[in-house]
Amino acid sequence: MPTPAADRLEELLAGLNEPQRDAVTHGDGPLLILAGAGSGKTRVLTHRLAWLVHSGRASHQEVLAITFTNKAAQEMRNRVELLLGRRTRGMWVMTFHAACARMLRAEAPRLGYTRQFTIYDQADARRLTKRCLEELNVDTKRFTPAAVHNQISDAKNKLRSADDVRELVGSRFEEIVGDVYDAYEREMLRMNAMDFDDLLVRAVNVLELFDEVRERYQQTFRYVLVDEYQDTNHAQYKWLQLLAGEHRNLAVVGDDAQSVYSFRGADIRNILDFQDDFPDAAVVKLEQNYRSTQTILDAANAVIRNNRGQIAKDLWTEVGQGDPIRVRELDDERSEARFVVGEVQRLIDEGVSRQEIAVFYRTNAQSRVIEDVLVQRDIGYQVVGGTKFYERAEIKDALAYLTLLGNPQDVVAFTRVANTPRRGIGQTSMSRVTAFATAMDMSVWDAAANPAAVPSLGAAAIKAFSRFMGTMEGLRERAAQGVPVGDLLEAVLHETGYVDALEAERTFEAQGRLENLTELVNTAREFDASADPGEDTLDVFLQQVALVADADTREDEGLVTLMTLHNAKGLEYEIVFITGFEDGVFPHSRALDEGALEEERRLCYVGITRAKRDLTLSYARQRMVFGSQQYGLRSRFLDEIPFELTDREQTDVVRQPGARVSWAASRADAPPPEAVDFRIGQDVAHAAFGEGVVTGIEPGGIVVIRFARDGSERKLMAEYAPITRR
DNA sequence: CGGCTACTATTTTTT
DNA sequence: ATAGTAGCCG
């Protein structure tokens with residue numbers, strides 16, 4: 001007679017394939033789950049969580065499940081609750097950053113922070129970097145805050161301190177980075193602020209420095225599960241080692257072939273070397289794909305095979321062969337957009353639902369022309385990504401006001417709001433006050449509250465600061481009394497004149513901003529309703545909101561979805577279009593310069609494997625880039641897809657009857673200057689350099705040709721160079 | 001101080 | 001093309 005518990009365990013395993021089962025029921029010790037695209041990885045993760053609890057190995061508070069996105073965390077939580085049949089409050093299912101922030105809310109005082117520390121997003125961090133650069137009298141044009149901050153961020157992700165950076169200085173730039181890093185760190189501590197990277201670094205610090213803290217968390221989390229392990233950076237890796245290194249109950253899930261975030265510090269070696277870190281690790285490979293047709297999988301497998309140093313995986317499916325992959329060449333990005341949207345329209349007419357269709361592209365800028373055509377044809381669509389809710393200026397302003405009320409040391413928040421809306425506080429006065437605060441080692445708030453004491457501040461500025469701080473003092477009092485966040489926010493927006501200023505604008509845009517603010521007030525009220533009474537609600541709200549990129553995106557049903565390939569990771573659609581398959585666009589020219597071709601190829605793999613049954617790849621011979629016409633070559637990735645998997649009729653050009661006349665004639669204006677026989681856009685072959693395309697013609701019989709082999713652009717004498725037309 | 005013009009730098013970005 | 005910013009002028 002099976003016990004009810006045994007029944008439930010059996011139920012959990014029902015419908016799982018062999019390797020999935022192995023992963024779910026793995027007992028103690030390290031576990032590496034190599035989950036190919038569409039192999040049911042979320043299923044394995046959630047079932048394993050439930051299995052750990054059901055089998056009595058751990059209570060639900062003793063499991064730590066880590067994801068990269070809030071969305072993934074939320075989905076995992078929901079699915080685990082379904083499996084367990086109850087709420088999972090107290091279960092740590094969250095992002096790296098949220099888990100670290102939560103840890104630090106308790107432990108930050110050990111590092112000299114208060115529990116109310118502010119979390120800076122990238123824009124805030126950049127602004128502070130700029131201030132530090134200016135303080136050090138560095139030319140911010142030659143050394144941009146963005147570039148310097150990227151370096152700092154990079155160092156932090158590798159757990160390298162400012163001193164570490166300074167020890168290895170090889171250029172003026174690196175010297176500046178070291179100096180700014182050092183100043184930046186001091187400023188952050190002084191302002192009681194942490195950026196996204198700090199959350200990870202400081203969490204590692206606290207675990208390394210304090211044995212009792214580390215031991216406590218090690219005992220608390222008896223099992224650690226990590227999703228998307230291929231995207232972890234060194235700090236995250238270290239954090240996991242510290243938490244799980246002792247009991248070694250670390251299960252990681254990932255796919256090295258889908259590592260596409262190295263530019264953000266992700267280190268693919270983490271997953272490749274897992275077995276070196278844990279020689280006794282159990283390894284499970286999930287290769288059966290439940291998403292796509294065999295044709296699509298074959299294409300993906302073929303493309304990724306061109307990368308070196310991958311963990312061998314071969315996706316297969318029981319779904320069947322399916323249709324060939326469609327490959328289309330178009331004249332330019334406009335025809336490409338018209339083609340894609342035309343196909344979308346056709347599919348919709350055939351009864352396909354809009355939400356089953358997605359269009360991917362390499363860069364955000366490519367979406368515009370597609371959107372134009374969708375609007376023209378009145379097809380409902382949504383763009384995923386782009387400007388996030390919490391990155392909008394009005395939202396950041398409102399949150400900066402709240403931040404300043406909770407953390408009067410926060411100079412970044414202060415400078416953001418002091419003159420927003422305009423109240424006659426200019427750059428000069430602002431700097432005088434912040435410099436004075438720094439010099440006197442007092443908070444900006446206190447410095448601004450007594451402007452008369454600030455040297456060389458003009459009478460008008462003194463008055464402006466006094467008025468502003470009068471308002472703020474009143475608000476601060478209410479904040480200190482623990483007024484609900486929603487009410488406080490409402491008061492902030494009205495009493496500071498923010499709403500008035502927007503209303504006075506009387507523009508369509510301002511109207512939208514007001515609506516966004518209303519949305520934010522609603523979010524705050526929802527938070528108030530569910531908050532634990534007695535907690536510092538304002539601080540908790542701000543820290544929580546800082547780690548969420550987007551307001552709950554109610555994914556509108558019935559819309560065609562547009563997004564970058566990066567955003568597509570983890571998603572799936574019946575029908576997928578990937579546009580811009582041109583060398584320079586995809587793979588991106590900058591990636592080519594930096595030798596990051598393999599990562600681009602993984603991105604291609606990600607894109608292809610999103611499609612369930614229908615995949616169309618398109619490229620344009622000519623494209624407007626940064627306002628000027630570029631002539632690209634078909635992406636090398638296209639040629640890595642076996643010919644027989646596609647519907648291409650000829651090796652290179654697919655001609656659609658009537659789709660285009662002659663190349664030169666299709667250019668309405670300004671035909672390229674004639675020289676010998678060559679025309680811009682023409683396919684040519686060179687005896688030594690191989691195949692290429694004419695990208696320019698210069699006086700004196702010189703043709704400019706971009707060659708496929710190495711992507712180089714060369715100027716050649718048309719008359720003498722060994723060039724033939726193709 | 002604030003508004004205007006001119007110039008420039010443009011990948012991807014879960015947090 | 002375009003957005004964001006630096007610098008100049010009222």
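From a predicted model like this one, the values you see are computed outputs, not experimental measurements. Throughout, a chain's letter reflects where its sequence line sits, starting with A, and its residues are numbered from 1.
In this model, no donor atom of one side chain and acceptor atom of the other lie less than 3.5 Å apart for A/R513 and A/N516.
In this entry the distance linking CE of A/M430 with P of B/dC1 reads 9 Å, nearest Å. Rounded to a whole Å, the CD atom of A/Q258 is 20 Å from the P atom of B/dT12. Atoms CD (A/E228) and P (B/dT13) sit 15 Å apart, rounded to a whole Å. Remark: P of B/dT13 and NE2 of A/H149 are 17 Å apart, rounded to the nearest angstrom. When rounded to the nearest whole Å, the span between CD of A/Q122 and P of B/dT15 equals 13 Å. Remark: C1' of C/dA1 and CD of A/Q630 are 13 Å apart, rounded to the nearest angstrom. The nearest whole Å value for the distance from the CG atom in A/D154 to the P atom in B/dT15 is 20 Å. Atom CZ of A/R623 and atom P of C/dA1 are 16 Å apart (whole Å).
With respect to the salt-bridge test (charged N to carboxylate O, under 4.0 angstrom), the residues A/D593 and A/R590 do not qualify. Using a cut-off of 4.0 Å between Lys/Arg side-chain N and Asp/Glu carboxylate O, A/K41 and A/E228 are scored as salt-bridged.
Here A/R362 lies in heavy-atom contact (under 4.0 Å) with a base. Residue A/N233 is classed as having no contact, given no heavy-atom separation below 4.0 Å to the nucleic acid. Note on A/D121: nothing from the nucleic acid sits closer than 4.0 angstrom, heavy atoms only. A/T67 comes within 4.0 angstrom of no nucleic acid atom, judged by non-hydrogen atoms across all strands. Residue A/Y261 is in base contact, counting any heavy-atom pair closer than 4.0 Å across all strands shown. Using a 4.0 Å heavy-atom criterion, one finds that A/D197 contacts no nucleic acid atom at all.
Among C/dA1, B/dT15, B/dT13, the nucleotide with an atom closest to any side-chain atom of A/H566 is B/dT13. You'll find that the side chain of A/R368 is closest to C/dT2, out of C/dT2, B/dT15, B/dT11. Of the candidates B/dT15, B/dG3, B/dT12, the closest approach to any side-chain atom of A/T363 belongs to B/dT12.
For DNA chain B, the residues of residues 587-606 of chain A within the heavy-atom distance limit of 4.0 Å (strictly under) are A/H588, A/R590, A/E594, sorted by number.
For A/E371, the salt bridge (charged side-chain N to carboxylate O under 4.0 Å, His left out) test picks out no residue, with sequence neighbours left out. A/Y120 is linked by a ring pair (Phe, Tyr, Trp, His ring centres under 6.0 Å) to nothing, counting only residues two or more places apart in sequence or in another chain.
Comparing A/G424 and A/F68, the nucleotide of DNA chain B nearest to each residue sits closer to the 5' end for A/G424. Mapping A/R423 and A/T69 onto DNA chain B via the closest heavy atom, the residue that lands nearer the 5' end is A/R423.
By the 30° and 60° cut-offs, the orientation of the rings of A/Y217 relative to A/W92 is perpendicular. Ring-plane geometry between A/Y573 and A/F360 is classed as perpendicular, the angle between the planes exceeding 60 degrees on a 0 to 90 degree scale with a lower cut at 30.
No side-chain donor-acceptor contact under 3.5 Å links A/Q258 to the backbone of A/V606.
A sub-4.0 Å separation between OP1 or OP2 of B/dT12 and a side-chain N or O of A/N567 is absent. At least one side-chain nitrogen or oxygen of A/K130 sits closer than 4.0 Å to the OP1 or OP2 atom of C/dA6. The phosphate of B/dT13 has OP1 or OP2 within less than 4.0 Å of a side-chain N or O from A/N364. At B/dT11, none of the side-chain N or O atoms of A/T564 fall inside 4.0 Å of OP1 or OP2 (strictly under the cut-off). Using a 4.0 Å cut-off, no side-chain N or O of A/N157 falls inside it from OP1 or OP2 of B/dT15.
Atoms CG and CG, from A/D539 and A/L402 in turn, are 10.5 Å apart once rounded to the nearest 0.5 Å.
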